[in-house]
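Everything on this sheet refers to the single structure shown next.
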Amino acid sequence: MADTQAAPSGDKLVAYDFAAHERPLFEAWRDAGYFQRTPGFGEHAADSYTIVIPPPNVTGVLHLGHALNDTIQDACIRRARMQGYQTRWILGTDHAGIATQTKVDKHLAEQGINRREIGREAFIEACQEWRRDYGGRIVSQIAAMGCSCDYADEQFTMSPEFSRAVRRVFTDWYHEGIVYRGKRIVNWCPHCTTAIADDEAEYEDEKGHLWHLRYPLAEPVGGREYLVVATTRPETMLGDTGVAVSPSDERYRDLVGATVRLPIVDREIPVFSDFYVDAEFGTGCVKVTPAHDPNDFAMGERHDLSKINVFDETAHVVEGFGKFTGMSREEAREAVVAEFEALGLLESVEDHDHSVMHCYRCHTTLEPWLSEQWFVAVDSLKEAAARVVADGTIKFHPERWAQVYLDWLANLKDWCISRQLWWGHQIPLYYCDACGWQDASVDPVDTCPVCGAPTRQDEDVLDTWFSSQLWPFATQGWAEQGNDAPELAAYYPTQVLSTARDIMGLWVARMVMASESCTGQIPFENVIIHPTVMGADGKPMSKSRGNGVDPVQLMADYGADGMRFGLLMQVTGAQAMRFDEQKIEGSRNFANKIRNAARFVLMHLDGYEPGAPEPLTPADKWIFSRLAALVEAVDAAYEGYEFGEMTRALYRFFWNELCDWYIEFSKARLADDADPADRLACQRNLVFVLDQALRLLHPVMPFITEEIYQEMPEKDAPMLIIAPWPDARALAAWRDGEAERAIEMVCEAVGAIRSARSRYGLSPKTPLDAAVKASAADAALLGEQAALIRSLANVGELAVGADVAKPAGSSAAVGAGIEVYTCLAGHVDFEAERARLAKEQAKLAADVAKLEKKLSNPGFLAKAAPEIVAKDQAKRDELADKLARVEASLAELG
RNA sequence: GGUCGCGUGGCGCAGCGGGAGCGCAGGUGCCUUACAAGCACAAGGUCGGGGGUUCAAAUCCCUCCGCGACCACCA
C-alpha cells in the first residue's frame, strides 16, 4: 500500500508486480479456509449457494473463455459469500476422453510408439502420467485469477468415486432400458477409430463433384438399358444394395421393381420407390448404400435391403473387392471413377459444393459406419428436461437461450455413448461367453453368476459427456449415498451454471436430463450463457489465425483484477464479444485509481477516531446518496446477471463521483488548519464510502480490494472476502435529492468557470472572480457551497444570489437553472466570447422552437402521460429562460 | 431451408419508447503532493437504407442491405 504505483513523471515507470501482491492474498484466503464451505451468517445463514465449475480438460490450459467464465462465477460466489450464504464452488477437471487420448497418442508417436503395440494398460498408464505432468496446470491458472473455488476438494471425472457414479448410472439406465445396444449407422472417425455422437460432428463446406453414373438394368425396361444415378461418393457404390426413385416420379414409374446389375461388383440390386427421394435433385435416381449413409440406412430398413460394409475401421476398402481392397477412401474414389470411365458408364461430372462431416477433435472426414454401439434412449429423459425449462424452474440468462435449449431437446435423437477408445470409463457390462449371460454392474463381475465361467467386460469406454452430465451431483457424494448424501441435501440444486453457448446441448441439457433421472431434482436454478470471446478481428480466436490472447499474459501485464474487471465490462447480452485489450488496460488503470484513492484516504487519517459515518455537508449527503444508488444498481445488475452494467456502474461511481468530486471536496476539510470536528467527520465519511466501495468491487477485483481492506482503520471482518455485503435497504435512507441538486450545481459552476478559463487560455493558477445567479432556493443551497466552488475552480471573489448582476467583462455560462459569470476583464478579447454566445443562442432558439412545436401539438397534450407533458413544459421554460439570459449577456457585450 | 444475434461519433462498445452516452485514439492546456496507468477543457454522430405503428422511435413492427452464429441437410 505504501508504494506509489505510478511514479512521478521524469522518473522511470516502475511496473507494479501484480503477482507479488496477489499470491500472498490468495494464500491467506486459502489458508483461512474461506474457499471451503463457508458457514453463512445473517439473514441468509441457512441458505446455500453452490456453483460447479465447468470442469476444464485435464490437459487443457486456460484460455480467455475460461477466464471470462470463471470470473463470472467467482463474482457471483464472492458476492453470495459476502451476503452470508453458505457457499461452495466445486472445482475439478474432466478426463476428456478423445481430447486426451489424441494428445497422448501424438506424444507417444513422437517417441515412435504406437498405442496398439503397447496395449491398453500401458496406454492408460501413459495417459495417467500425462495427466500427472500436465494436469494441474489449469487449476493453478484458475488460482492465479483469484477464483475462490474449493481447492482442497478437487474433483475429477475419473476419480474412484466419480467412476462409481458413472457405473451406477449406466447400470441403472441399462436395467431401466434407457441404455441399450444396437447395430446402427454412427459417425465414425477413421483417425480416432471411434464412434462419436451427432453433436460431436462438425459440418464444413467443401468443393466436390456430383458424378453421374450409369447403372445397367439386368433386363431392359421399355427400351431403356440403364439408369443414371448421381452421387458425391462414387466409392461407396461397392456397397450399393438398391436404387431408389421418388414415388411421384413419372419418369421412372415403370422401373420400380426392375433390377440393376451393379457394375464392377456385378451384384443384382432392386429399383424401388421411397418418399425420401427428391425427384428434382440430380437425376432423380439415388444409389442406396445402407452401410455408409444414415438416410440410405433408413431406406434399407424400410425396404429390407442388405447392408454391405465397404470400409474397415480406418476407412480402407475391406476384403472381397478385388483390386479395390486395401485402398483408402480417396484412392477408391479415383479408381471407381476410372473404372466407370473405362466401362463407358461415366455419364458426366459436375461441380457440386456440399457440407461434409468432420471429427470435432481431429477434423478427419467422418465415415458413416455401421457398427455395434451403445445408445441412450432419450425419449423418456427429455420430457422432464424440457418441462423444467419451459415452466421457468430453470432460468436462462439471457432468456432467449431457453428456446435454443428447448429446440435442441425437441430434435434430439438417441445418443451414441460408446467410444472405441481406451482413455475413459470402461463400459460396466459383463458377458459370459460360455452361457451367454450378460449384465451391467456397478461392481466388477469376474465370474458368471449362472455358470461360473470367467466373464469379460465390454471393451468400449463411455463418451466423456456421459460422465460430465453427472458433474453437479456426482461431485457431491451421490455415488455412495445416492440422494441421501448429506452434501446433496445441503448444496443441491446448485444456484448458477455459467457456460458458453457451444455446449448447451452437449453438456447443459444432458445435465438436466441426468439430474432429473438420477436425483429427481434440477441440477441448477440459473444458467448464464455468456458471450463467446472473439479475437480483436471479430473472428474466433485460434492458433492458425494468430488472433489468440493468453490470459496468463494478460494477468502478467495488467493484473488478475484488471483482466477480470476488463472482461466483465465487455459482457453484453449478445452472442459474441470482440476482445478489446484496451478495456483490460483501462481496468488496470482503474485498479490503480482505486489504489491511489485509498492511499489518499489512508494518508489523511491524522487524529482519526473510529465512529459512525455522519453526513454533515451537502457533499457528504451527496456521496452517500450516490452510494445508495450504486448499491441498488449493482444488486439489480447481479440479479439480472448483467455483468457489463454492474462493472460500468462501479467504474462511474468510483472514478467520476468519488475521485473526481468527493475527494476533491474533501481536501480543504482535511487540511491542517481545518476544523478538527469537521475533519474527523470527513475522515469517517471517506473511510465509510471507501469501505463500502471496496465491498462492492471485491467480487470483481478481489486482490486490490482485499489489500486495501487490510489497511483500513476499522474492520468488521478479518478479511474482506467474508465482510458483509452492503445493505441496499439500509442505505436507501441516505437518498437525498436536495443534496444531489446542490452538488450538481456546484459541479456545473466549477465546470463553467474552468471552461471559461480554458477557452481563453488562462492558467489555472490565475485566480478569477465569479458570480452565480440562481433561483432563491437554489442560491440558498449553493451559497453554503461557495467554498467548494472557490477551491475547485480557483475563484477569488464569488457572489451567489438570486439577483446578482452580470459583472462587466465577464463570460456567461447558462446552465440548468443557474447562470455562471466568470470575470475576464483585462484578460481577454470579447470578440470570441460574442461568437460563442451567438452560437449558443442559435442552438437554444432551435431547441425552444422544437419544444414549442411539440407542446402545441394537441395530440401530444391529449395523449402523452401528464408527467411527460409537465416535464417538457418545464424543459421548455428552462430553455426559454436560458435563451433569454444568453441574449441578455449578448446584448451586454454590445 | 429453419432459428437467433449484430449494424450508434475515427476505432471498440453501452443505451433499446419521452431531447444521443462511455472507453480508446486524436486536439488544447496542465508535473494542481492520491493518481501522467493522471488532471482540466474542447471537438466529434441526420443511431445501416426504406416503409409503418405512436402525440413521441436509436429504441416497437415490416422490408431491404451488410456482417456473424447455431440447428437441419438432397444422393
So, does [X] get its side chain near the phosphate of [N], meaning an N or O under 4.0 Å from OP1 or OP2?
X      : N     : answer
A/K593 : B/C39 : yes
A/W655 : B/C39 : yes
A/H354 : B/C73 : no
A/H292 : B/A75 : no
A/R578 : B/C13 : yes
A/K667 : B/U32 : no
A/N592 : B/G38 : no
A/T572 : B/A14 : yes

Going by purine N1 to pyrimidine N3 plus the second Watson-Crick contact, or the G-U wobble pair, all under 3.5 Å, which nucleotide sits opposite [N]?
N     : answer
B/A40 : B/U28
B/G45 : none
B/G17 : none
B/G12 : B/C22
B/A34 : none
B/A58 : none
B/G7  : B/C65
B/C70 : B/G2

message: Assess, by modelled atom type and distance only, whether the side chains of A/Y360 and A/E202 contain a donor and an acceptor separated by less than 3.5 Å.
response: no
- request: Using distance alone, with no hydrogens and no angle criterion, decide if A/Q403 and A/D407 have a side-chain donor and acceptor under 3.5 Å apart.
  value: yes
message: Counting only heavy atoms from other residues, nucleotides and ligands, does the tally under 6.0 Å from CD of A/E280 exceed 12?
response: no
Touch class at under 4.0 angstrom, heavy-atom based, for [X] against every strand present:
X      : value
A/H212 : nothing
A/F590 : nothing
A/M603 : sugar-phosphate
A/I663 : base
A/A865 : base
A/R759 : nothing
A/E645 : sugar-phosphate
A/N857 : sugar-phosphate
A/S755 : sugar-phosphate
A/E664 : base
A/V229 : nothing
A/C659 : base
A/R652 : nothing

Salt-bridge test for [X] and [Y]: reply yes if a basic N is under 4.0 Å from a carboxylate O, no otherwise.
X      : Y      : answer
A/K307 : A/E301 : yes
A/R510 : A/D199 : yes
A/R545 : A/D537 : no

[X] [atom1] to [N] [atom2]: how many Å, rounded?
X      : N     : atom1 : atom2 : answer
A/D296 : B/A75 : CG    : P     : 11 Å
A/Q570 : B/C13 : CD    : C1'   : 9 Å
A/I503 : B/A69 : CD1   : C1'   : 16 Å
A/L409 : B/C70 : CG    : P     : 19 Å
A/E852 : B/C55 : CD    : C1'   : 16 Å
A/N187 : B/C73 : CG    : P     : 10 Å
A/Q575 : B/G68 : CD    : C1'   : 6 Å
A/F272 : B/A75 : CZ    : C1'   : 12 Å

Integer angstrom distance from the [atom1] of [N] to that of [M]:
N     : M     : atom1 : value
B/A58 : B/G21 : P     : 14 Å
B/G12 : B/G45 : C1'   : 15 Å
B/C11 : B/C55 : P     : 38 Å
B/G1  : B/C64 : P     : 13 Å
B/A75 : B/G17 : P     : 45 Å
B/G15 : B/C6  : C1'   : 15 Å
B/G49 : B/C65 : C1'   : 7 Å
B/G27 : B/C60 : P     : 38 Å

Nearest to the side chain of [X] - [options]?
X      : options             : result
A/Y203 : B/G18, B/C73, B/A37 : B/C73
A/T231 : B/C6, B/A75, B/C39  : B/A75
A/K413 : B/C55, B/G23, B/C73 : B/C73
A/R400 : B/A75, B/C35, B/G5  : B/G5
A/S758 : B/A34, B/U54, B/C41 : B/C41

Roughly how far, to the nearest 0.5 Å, is the [atom2] atom of [Y] from the [atom1] atom of [X]?
X      : Y      : atom1 : atom2 : value
A/E399 : A/Y641 : CD    : OH    : 12.5 Å
A/Q873 : A/L855 : CD    : CG    : 5.5 Å
A/L238 : A/I308 : CG    : CD1   : 9.5 Å
A/F654 : A/L630 : CZ    : CG    : 11.0 Å

- request: Please confirm whether any donor atom in the side chain of A/R588 sits under 3.5 Å from an acceptor in the base of B/A37, or the reverse.
  value: yes
field: 5' precedence on RNA chain B between A/K539 and A/A574 (nearest-nucleotide basis)
entry: A/A574
